[in-house]
**Student:** 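One structure follows; several queries about it will come next.
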There are 2 protein chains.
Amino acid sequence: MATGRTHRPATRSRGIPEATVARLPLYLRALTALSERSVPTVSSEELASAAGVNSAKLRKDFSYLGSYGTRGVGYDVEYLVYQISRELGLTQDWPVVIVGIGNLGAALANYGGFASRGFRVAALIDADPAQAGKMVAGLPIRHTDELEAIIEDNQVSIGVIATPAGAAQEVCDRLVAAGVTSILNFAPTVLSVPDGVDVRKVDLSIELQILAFHEQRKAGEDLGGAVAPTSLPKAAVDRSERPGPDGDVPVVMPA
Amino acid sequence: MATGRTHRPATRSRGIPEATVARLPLYLRALTALSERSVPTVSSEELASAAGVNSAKLRKDFSYLGSYGTRGVGYDVEYLVYQISRELGLTQDWPVVIVGIGNLGAALANYGGFASRGFRVAALIDADPAQAGKMVAGLPIRHTDELEAIIEDNQVSIGVIATPAGAAQEVCDRLVAAGVTSILNFAPTVLSVPDGVDVRKVDLSIELQILAFHEQRKAGEDLGGAVAPTSLPKAAVDRSERPGPDGDVPVVMPA
DNA sequence: CTATCTTTGTGCACGCGTTCACAAAGACAT
DNA sequence: ATGTCTTTGTGAACGCGTGCACAAAGATAG
């Protein structure tokens, strides 16, 4: 086991690069599909193309997990499914709460991909008293007042925030105070959290804006350069229309 | 304008790094908030903290756009909002179609962040005939048969796919054939597209799995290493439970 | 048992992105 | 006009991630 007493005791040589971790779910999905078709083994080449990456990258990624392949043959599908699942922590049950049950929250609650990956929706929480008790995806909506108790009772360590931007930080603070240490944030805000808490952000608007950039670039190339006047007087900012009264409200609000 | 005749004619020195492009929407949001509060100028330090990045990175990012700041003072908020908007292509109107109007599709249709950024939902499209005509977010759901005509009539170049995984590739192919060159994909599948077409992927399940990985790592450190048996016989794969009949179905299906 | 053939695992080099640290630029006071 | 003080813009170093290319490993056939 080669101790190697650094300041980071446990994880030892488990220095799996973040980029690799982000791809493991991709491999896992491809492998699961193969498993369902009862395919016994895959080569790095096949699996890579199914996952949409190149084979060298895939092999290097797997090398961080250990030597699970057989030269001349490939990888054992079932075995690899298990190893990746274990590495990602999907062999255990992860209770999650979803806060903010608007369209998006409801969509998340109904998402089949959660249950099949070891995630269990422990509760749906919303700030609107009128929503309380309504059933969504087979679960009753609980009121925000109960948040702390729910987290405690179910030993929830992962929270999903699908509230409007304005409510997100407060919800985040309460989740963290109650013991949540991982947050998936759909609200268009920068959340500030103490050290030791992980936040991942999904922002629909940002993705579209990135697409628009490339779309514009493509269009600009077509008409041979000179896209727009590059310099204009500093005063000439006539974006008079306000960006909308909604402070970047996400999909839907609780009320 | 310093021609510089490379094989990429138009964009010239517009070599804005991808990582920078991905952050521009973040800055834009922070700046918009400042603009609404009528703040005239910001320093890189203030803006960086509002956007959740460090100031050196922000300054370097802005340096790719040009010298829009004033030393000793900071950046003019309104001017910067305009410049970034223009760079991202948000000063023009982008008609988008959303295909697959389940919970997620409906959530996207209702998303306020689109309209306020120059994106206009041109149409909602679903494969289920029973859904056709129903109103969602003030728009009638159209049937998939009309897809090509809708793209053509509205000059749509950006498509959003919110269908089940099984339908995604076919929808994608039709969108591309009809002229769409940018796709935002919410279905948990790898889409294959011809060169010149951009695809961005948003996968809810993957984000949660990445969180689970870190969560497990944190838990493992707490109990001082030795998380789980690292080696076990290759045969000992007893993940008997099937990963679920759903082939990783996204939020909701059309029917 | 030996030879051949397939496919993994990885050393190495390269390029992109991040961060540091500072000189240059300008505002502002005197 | 001169000096001080703030903040930008960027050169340079560093580290991570990617992809190439090949040696090592093992399967398989004769």
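Here is how names work: the chains are called A, B, and so on, in the same order as the sequence lines, proteins then strands, and each is numbered from 1.
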**Student:** So A/Phe62, base contact, sugar-phosphate only, or nothing? Heavy-atom distance under 4.0 Å.
**Tutor:**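 It contacts nothing in the nucleic acid.
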
**Student:** Does C/dG9 have OP1 or OP2 under 4.0 Å away from a side-chain N or O of A/Tyr75?
**Tutor:** yes

**Student:** What residues, two or more places apart in sequence or in another chain, satisfy side chain to side chain donor-acceptor pair (under 3.5 Å) together with A/Asn54?
**Tutor:**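 With sequence neighbours excluded, A/Asn54 shows a side chain to side chain donor-acceptor pair (under 3.5 Å) to no residue whatsoever.
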
**Student:** Could you state the atom-to-atom distance from CG of B/Asp76 to P of D/dT8 in whole Å?
**Tutor:** 13 Å

**Student:** Checking B/Gln92 now: which residues fulfil side chain to side chain contact (heavy atoms under 4.5 Å, CB included) with it, not counting sequence neighbours?
**Tutor:**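 B/Gln92 satisfies side chain to side chain contact (heavy atoms under 4.5 Å, CB included) with A/Gln216, B/Trp94 once adjacent residues are dropped.
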
**Student:** Who pairs with A/Ser49 by side chain to side chain contact (heavy atoms under 4.5 Å, CB included), at least two apart in sequence or on another chain?
**Tutor:** none

**Student:** Suppose the criterion is ring pair (Phe, Tyr, Trp, His ring centres under 6.0 Å): which pairs have a residue in residues 17-63 of chain A, not counting sequence neighbours?
**Tutor:**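 Sorted pair list: A/Tyr27-A/Phe62, A/Phe62-A/Tyr75.
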
**Student:** In chain order, what residues pass the side chain to side chain contact (heavy atoms under 4.5 Å, CB included) check against B/Val202, with sequence neighbours excluded?
**Tutor:** A/Val202, A/Glu207, B/Leu184, B/Phe186, B/Leu204

**Student:** A/Glu46 CD to C/dT8 C1': how many Å, rounded?
**Tutor:** 14 Å

**Student:** Going by distance alone, is a donor N or O of one side chain under 3.5 Å from an acceptor N or O of the other, for A/Ser182 and A/Asp198?
**Tutor:** no

**Student:** Tell me whether the side-chain N/O atoms of A/Ser43 come closer than 4.0 Å to OP1 or OP2 in C/dT7.
**Tutor:**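 No, no such contact exists.
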
**Student:** Using five base pairs at each end, measure the axis-to-axis angle across the helix from C/dC1-D/dG30 to C/dT30-D/dA1 and round it to 10 degrees.
**Tutor:**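 About 10°, once rounded to a multiple of 10°.
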
**Student:** Using whole Å, what does the distance between atom P of nucleotide C/dG9 and atom CG of A/Leu47 come to?
**Tutor:** 12 Å

**Student:** For A/Glu45 and D/dG19, what is the distance between atoms CD and P respectively, to the nearest whole Å?
**Tutor:** 13 Å

**Student:** List in chain and number order the residues that pass side chain to side chain donor-acceptor pair (under 3.5 Å) with A/Asn185, two or more places apart in sequence or in another chain; answer none if no residue qualifies.
**Tutor:** none

**Student:** Compute whether any side-chain donor of one residue and acceptor of the other, for B/Thr189 and B/Gln169, lie under 3.5 angstrom apart.
**Tutor:** no

**Student:** For A/Ala19 and B/Gly74, take the nucleotide of DNA chain D holding the closest heavy atom to each; which residue's nucleotide lies nearer the 5' end?
**Tutor:**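 Checking each residue's closest nucleotide, the 5'-ward one belongs to B/Gly74.
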
**Student:** For nucleotides 19-30 of chain C, just jot down a letter per nucleotide in 5' to 3' order: B, S or -, based on protein non-hydrogen atoms under 4.0 Å.
**Tutor:** BBB--BB-S---

**Student:** Starting the side chain at C-beta, find the nucleotide from C/dT18, D/dG9, D/dG17 nearest to A/Glu18.
**Tutor:** D/dG17

**Student:** Take atom CG of A/Leu65 and atom C1' of C/dT8, then tell me their distance rounded to the nearest Å.
**Tutor:**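 Interatomic distance, CG of A/Leu65 to C1' of C/dT8: 14 Å.
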
**Student:** Could I get the full list of side chain to side chain donor-acceptor pair (under 3.5 Å) partners for A/Glu170, not counting sequence neighbours?
**Tutor:**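 Once residues adjacent in sequence are excluded, A/Glu170 has no partner under the side chain to side chain donor-acceptor pair (under 3.5 Å) criterion.
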
